[in-house]
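If you read the sequence from its start, that first residue is 1, and numbering goes on from there.
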Amino acid sequence: MSVVSLLGVKVVNNPAKFTDKYEFDITFECLEQLEKDLEWKLTYVGSAQSDQYDQELDSLLVGPVPVGVNKFIFEADAPDTSRIPDADIIGVTVVLLTCSYDGREFIRVGYYVNNEYDSTELNAEPPAKPIIDRVRRNVLADKPRVTRFAIKWDSEASAPAEFPPEQPEADLAVDEEEYGADEAAEEAAEEAEAEASEKLAPAAGEDTEMGDGDQEAVNPNEDNEDAASDAGSVDGSVDLEGESEDELDEELIEGEGEGEGEEAGDTAMEVDAEKSSNAASAQRVSVAS
């Protein structure tokens with residue numbers, strides 16, 4: 001917890017000429033009696049390309065600071081234009097209001113500052129050499145960027161925690177508690193289970209116990225071969241190359257000589273049905289292949 005809290009900052013003269021002083025009305029609260037003074041600073045960022053153009057416009061020591069709410073006016077001179085590149089005078093830059101205690105910064109408030117000419121003509125066609133007397137600044141006071149830092153004040157109890165914190169108990173952890181130990185145990189259990197399954201699985205061609213009585217080993221291909229020989233083909237496929245249409249016609253003629261009437265007609269219908277079945281089977285085989 002910070003001993004000093006910034007309650008508000010108001011830019012007094014805004015907008016103003018570029019050469020006018022900066023004035024800030026600052027209000028803060030102090031929760032404890034401080035042994036040293038607070039140091040306030042105002043810094044002007046001369047160029048976004050390098051910090052060598054930054055200027056400390058002014059600094060102020062405030063103290064002794066009484067406990068409670070305090071208020072004061074902080075004034076700072078305008079930046080020295082001779083230390084700013086000409087190309088960076090016109091445009092947007094930043095001013096930083098900071099406060100430190102015993103050399104330790106605990107708060108920083110940043111404001112964008114827009115510098116432009118006071119006439120439309122000069123803004124449309126700015127001269128190569130800036131005319132400083134015609135430049136006006138506008139501090140965007142309603143959009144500050146506030147950054148707070150935890151510091152040590154007068155007592156050790158107010159010192160911030162170390163980062164990263166020390167963890168002596170981490171060195172005492174056993175190997176089983178290391179990161180990834182649970183995952184390694186799970187993988188070992190899965191491997192052991194897979195090995196046990198392989199050992200219990202029967203080898204190809206061996207008999208397995210399926211009940212109380214003994215079971216005779218059966219060749220699973222025997223039934224399929226018998227069924228295929230009896231029905232021609234179980235899955236509907238036939239030997240299309242071994243039986244041509246001429247042979248089917250010959251069978252038809254022989255059938256006509258053996259029977260008459262309904263028997264001959266039945267034979268013809270059976271042959272036609274077999275031809276249709278063969279044609280359908282040929283179509284399925286060609287699609288499947």
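- In this structure, the side chains of I132 and T19 come closer than 4.5 Å at one or more pairs of heavy atoms.
- Using modelled atom types, one side-chain atom of Y117 and one backbone atom of I131 make a donor-acceptor pair closer than 3.5 Å.
- Put simply, the side chain of D51 does not reach to within 4.5 Å of the side chain of Y53, judged on heavy atoms.
- Pairing each heavy atom of P85 with each of G46, the nearest pair is CD-O, 4.5 Å.
- For R137, there are no side-chain hydrogen bond (donor to acceptor under 3.5 Å, both in side chains) partners at least two apart in sequence or on another chain.
- Across Q33 and V65, no two heavy atoms sit closer than the pair NE2-O, 3.6 Å.
- Using a distance-only test at 3.5 Å, with no hydrogens or angles considered, a donor-acceptor pair links the side chain of T93 to the main chain of V45.
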> Given I89 and N115, is the side chain to side chain contact (heavy atoms under 4.5 Å, CB included) satisfied, shown in steps?
Replying inline: CA-CA 7 Å; I89 292 179; N115 297 318; 5.6 Å; no
>> Under the criterion side chain to side chain contact (heavy atoms under 4.5 Å, CB included), I'd like the reasoning laid out for I107 against F149: C-alpha separation, chi angles, the key distance, then a yes or no.
In response: CA-CA 6 Å; I107 193 164; F149 306 95; 6.0 Å; no
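- Between L140 and Y111, the closest side-chain pair of non-hydrogen atoms is not below 4.5 Å.
- At least one side-chain heavy atom of L34 sits under 4.5 Å from a side-chain heavy atom of V4.
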> What do the steps show when you test L42 against E56 for side chain to side chain contact (heavy atoms under 4.5 Å, CB included), and what is the final call?
Replying inline: CA-CA 6 Å; L42 184 65; E56 183 180 314; over 6 Å; no
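- Between V62 and D37 the shortest side-chain heavy-atom distance does not fall below 4.5 Å.
- Considering only heavy atoms from C-beta on, N70 comes within 4.5 Å of P66 through its side chain.
- Of the charged side-chain nitrogens involved, none lies within less than 4.0 Å of a carboxylate oxygen, so that D118 and R136 do not count as a salt-bridged pair.
- Both V9 and L60 belong to a common hydrophobic cluster when Ile, Leu, Val, Met, Phe, Trp and Tyr are linked at side-chain heavy-atom distances under 4.5 angstrom.
- Counting only distance, with no hydrogens or angles, the side chain of N123 and the backbone of E116 share no donor-acceptor pair below 3.5 Å.
- One hydrophobic cluster holds both V11 and L6 under the rule that ILVMFWY side chains link at heavy-atom gaps under 4.5 Å.
- Atom NZ in K10 sits 8.0 Å away from atom NZ in K71 (nearest 0.5 Å).
- Between the side chains of T43 and D54, no donor N or O sits under 3.5 Å from an acceptor N or O.
- The two residues L31 and S2 make their nearest non-hydrogen contact at CD1-O, 3.7 Å.
- Under the 30°/60° scheme for interplanar angles, the aromatic rings of F18 and Y44 are found to stand perpendicular.
- If you chain together hydrophobic residues whose side chains sit under 4.5 Å apart, F72 and L57 fall into the same group.
- Taking 4.5 Å as the limit, some side-chain heavy atom of D154 sits within range of a side-chain heavy atom of Y101.
- Of all non-hydrogen atoms in E105 and S100, the two that sit nearest each other are CA-OG, 3.3 Å.
- The two residues C99 and W40 make their nearest non-hydrogen contact at SG-CE2, 3.4 Å.
- Ring geometry for F74 against F24 counts as tilted: the plane angle lies between 30° and 60°, on a 0 to 90° scale.
- Transitive grouping of hydrophobic side chains (ILVMFWY, heavy atoms separated by less than 4.5 Å) keeps V92 and V135 in distinct clusters.
- Using a distance-only test at 3.5 Å, with no hydrogens or angles considered, no donor-acceptor pair links the side chain of D88 to the main chain of I84.
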> Going through the checks in order, is the side chain to side chain contact (heavy atoms under 4.5 Å, CB included) test met by L38 and F28?
Replying inline: CA-CA 11 Å; L38 297 176; F28 67 94; 3.8 Å; yes
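- With contacts defined as side-chain heavy-atom distances shorter than 4.5 Å, the pair D86/K129 qualifies.
- Nearest heavy-atom pair, L61 versus E39, reported as atom, atom and distance to 0.1 Å: CD2-CB, 3.6 Å.
- When the shell of 6.0 Å around CZ of R104 is examined, it contains more than 12 heavy atoms from other residues, nucleotides or ligands.
- To the nearest 0.5 Å, the span separating CD on E23 from CG on N13 amounts to 4.5 Å.
- Panel note: side chain D25, backbone I73; no donor-acceptor pair is recorded below 3.5 Å.
- Using a 4.5 Å cut-off between side-chain heavy atoms of Ile, Leu, Val, Met, Phe, Trp and Tyr, with links allowed through other members, L97 and V146 fall into the same hydrophobic cluster.
- To the nearest 0.5 Å, atom CD of residue E75 and atom OH of residue Y22 are 14.0 Å apart.
- A side-chain donor-acceptor contact under 3.5 Å links D20 to the backbone of K17.
- Between K41 and D58 there is no salt bridge, since no side-chain nitrogen of the basic residue lies less than 4.0 Å from a carboxylate oxygen of the acidic one.
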